[in-house]
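All remarks here apply to the structure that follows.
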There are 2 protein chains.
Amino acid sequence: MSKDICHCIVLRKASRKVSSYYDEALAPLGINIAQFSLLRNINRMAPVSLTDLGVRVELDRSTVGRNAKVLERMGLVEIRPGKDQREATLTVSEAGHAVLREGAPLWDSVQDKIEARLGPDGADRLRELLAAL
Amino acid sequence: MSKDICHCIVLRKASRKVSSYYDEALAPLGINIAQFSLLRNINRMAPVSLTDLGVRVELDRSTVGRNAKVLERMGLVEIRPGKDQREATLTVSEAGHAVLREGAPLWDSVQDKIEARLGPDGADRLRELLAAL
DNA sequence: AGCATTCATGGGTATATACCCGCGAAAATG
DNA sequence: CATTTTCGCGGGTATATACCCATGAATGCT
């Protein structure tokens, strides 16, 4: 019975597999999909606090903080205190913008590949199903 | 455009979210879904080597080794050398069997919840789409 | 038998992720 | 204005995950 298959495990496997597609495509830039996506979100919201960013990307604030620190170490993001002394303000550096530019077509190609695999409307149907979870 | 949405990120979010449903349900047993699933696989294949188990669950050998070590520390799994001195042989302990028994209905309830959310055939359609990736 | 090759694990390193706790800063309250 | 409460973050801890390298064991070939 298909009922024996854990929905969660199926999702986790798919998540790992698909992540690896993006990771491989972005590898030439020395960045992975989680980092690239976070960088994009920082760019869209900059200057942004860790808390706001965490809400946006639906990740724990401490997770976002640590992931952002990795981007900072890579020189792609700048982290400094905001007016509110409690806040860490994130902005994308020059190098970060370059990665965003160069990564875009690589990301596009994987998006296309996925859509091809899912067939027409496949991506939309998948998104709908996942949104229902 | 929906084309702006990263298929990978959608999947990762869904994976985290769904995992948390199972994790919460299994929490009373002090185990999470990754561990529960691994325990089930060990049980089905026992006695099994790390390599074989890794192939089965589609995880890196070293990942399986570390995850299994956590289960061992919890007293749910026994790890000992096999006839082939290189091999680590995994078996489920008494406590592990108890967890499998007690976890089954908890796992079932989450499966049902997911299926309810996805609607009739939803789970099947989701599985098909994910399998195409 | 002896050496080369293959094979199974383990451990190092690094990221992703979450939860909890404590500290210092800002805001609210009397 | 002083005190309390709220808020933002960093750090500790733990798991999940992967890649690479070292080591010791099994196998195969000469």
Side-chain angles (χ1 to χ4, degrees), chain A residues 8-9 11-24 26-27 30-39 41 47-55 57-74 76-77 79-90, chain B residues 8-9 11-24 26-27 30-39 41 47-55 57-74 76-77 79-90:
Chain A
C8 183
I9 297 302
L11 261 173
R12 290 171 73 101
K13 281 183 188 171
S15 175
R16 289 197 300 268
K17 190 169 180 181
V18 170
S19 292
S20 77
Y21 294 160
Y22 287 80
D23 289 350
E24 279 163 33
L26 294 171
I31 199 174
N32 65 34
I33 183 60
Q35 296 163 345
F36 186 68
S37 174
L38 187 60
L39 189 59
N41 278 289
V48 63
S49 73
L50 287 178
T51 298
D52 290 349
L53 185 58
V55 171
V57 302
E58 292 173 55
L59 282 173
D60 187 88
R61 192 185 39 65
S62 69
T63 298
V64 171
R66 282 177 168 102
N67 292 358
K69 196 155 294 184
V70 173
L71 292 177
E72 186 193 30
R73 230 180 301 134
M74 291 185 199
L76 307 181
V77 160
I79 307 182
R80 18 185 162 200
K83 291 175 189 174
D84 183 330
Q85 288 302 109
R86 290 172 300 183
E87 259 182 31
T89 298
L90 308 185
Chain B
C8 184
I9 297 302
L11 260 174
R12 289 171 74 100
K13 280 184 188 170
S15 175
R16 289 197 299 269
K17 189 169 181 183
V18 170
S19 291
S20 77
Y21 295 160
Y22 288 82
D23 288 350
E24 280 163 33
L26 294 170
I31 199 173
N32 65 32
I33 183 59
Q35 296 163 345
F36 186 68
S37 174
L38 187 61
L39 190 59
N41 277 289
V48 63
S49 72
L50 289 178
T51 297
D52 290 349
L53 185 58
V55 171
V57 300
E58 292 173 55
L59 283 173
D60 188 88
R61 222 196 346 281
S62 68
T63 298
V64 171
R66 283 178 168 100
N67 293 358
K69 197 154 293 183
V70 173
L71 292 177
E72 186 191 31
R73 230 180 301 137
M74 292 185 199
L76 307 181
V77 159
I79 307 181
R80 21 189 158 196
K83 291 176 187 171
D84 183 330
Q85 289 301 109
R86 292 172 301 184
E87 258 181 33
T89 298
L90 309 185

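Lettering follows sequence order; numbering is per chain, from 1.
When rounded to the nearest whole Å, the span between NZ of K83(B) and P of dA8(C) equals 16 Å. Protein atom OH of Y22(A) is 20 Å distant from nucleotide atom C1' of dA18(D), rounded to whole Å. Atom CE in M74(A) sits about 12 Å away from atom P in dA14(C), given to the nearest Å. Atom pair L38(B):CG and dA16(D):P shows a separation of 9 Å (rounding to whole Å applied). Rounded to whole Å, atom P of dT15(D) lies 15 Å from atom CG of L39(B). Between the P atom of dC20(D) and the CG atom of D60(B) lies a distance of 10 Å, rounded to the nearest Å. Distance, R80(B) CZ to dA8(C) P: 21 Å, rounded to whole Å. In this structure, CD of E58(A) is placed 18 Å from P of dA16(C), rounded to the nearest angstrom.
Contacts of S49(A) with the nucleic acid, taken as non-hydrogen atoms under 4.0 Å apart, involve only primed sugar atoms and P, OP1 or OP2. Contacts of K69(B) with the nucleic acid, taken as non-hydrogen atoms under 4.0 Å apart, involve only primed sugar atoms and P, OP1 or OP2. Using a 4.0 Å heavy-atom criterion, one finds that R12(B) contacts the sugar-phosphate atoms exclusively.
Put simply, the side chain of S20(A) gets close to the backbone of K17(A): a donor and an acceptor are under 3.5 Å apart.
The side chain of N32(A) places no N or O atom within less than 4.0 Å of a non-bridging phosphate oxygen (OP1 or OP2) of dT15(C). Remark: Q85(A) is not in phosphate contact with dC7(D), judged by side-chain N or O atoms under 4.0 Å from OP1 or OP2. A close approach under 4.0 Å does not occur between any side-chain nitrogen or oxygen of S62(A) and OP1 or OP2 of dT17(C). At dT23(D), none of the side-chain N or O atoms of R86(B) fall inside 4.0 Å of OP1 or OP2 (strictly under the cut-off). OP1 or OP2 of dT17(C) lies within a sub-4.0 Å distance of a side-chain N or O belonging to R16(B).
Comparing atom distances between the D84(A) side chain and each of dT17(D), dT15(D), dA25(C) picks out dA25(C) as nearest. Picking from dT17(D), dA26(C), dC20(D) the nucleotide with the shortest atom distance to the side chain of T63(B) gives dT17(D). Taking only side-chain atoms of E87(A), from C-beta outward, the nucleotide of dA16(D), dG8(D), dT17(C) with the closest atom is dG8(D). With dT15(C), dA16(D), dA26(D) as the choices, the nucleotide that has an atom nearest any side-chain atom of A34(B) turns out to be dA16(D). With dT13(D), dA8(C), dG10(D) as the choices, the nucleotide that has an atom nearest any side-chain atom of R66(A) turns out to be dT13(D). Proximity note for N67(B) (side chain, C-beta onward) versus dA16(C), dA8(C), dA16(D): the nearest is dA16(D).
Scanning all heavy atoms of the two residues, the minimum distance from V64(B) to G54(B) falls at CG2-CA, 3.6 Å. Residues A14(B) and L11(A) approach most closely at O-CD1, 4.1 Å, considering heavy atoms. Nearest heavy atoms, R12(A) versus S15(B): CG-OG, 3.5 Å. Across A68(B) and L90(B), no two heavy atoms sit closer than the pair CB-CD1, 4.0 Å.
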For V48(A) and N41(A), what are the C-alpha separation, side-chain angles and deciding distance, and is it a side-chain contact (heavy atoms from CB on, under 4.5 Å)? CA-CA 9 Å; V48(A) 63; N41(A) 278 289; over 6 Å; no
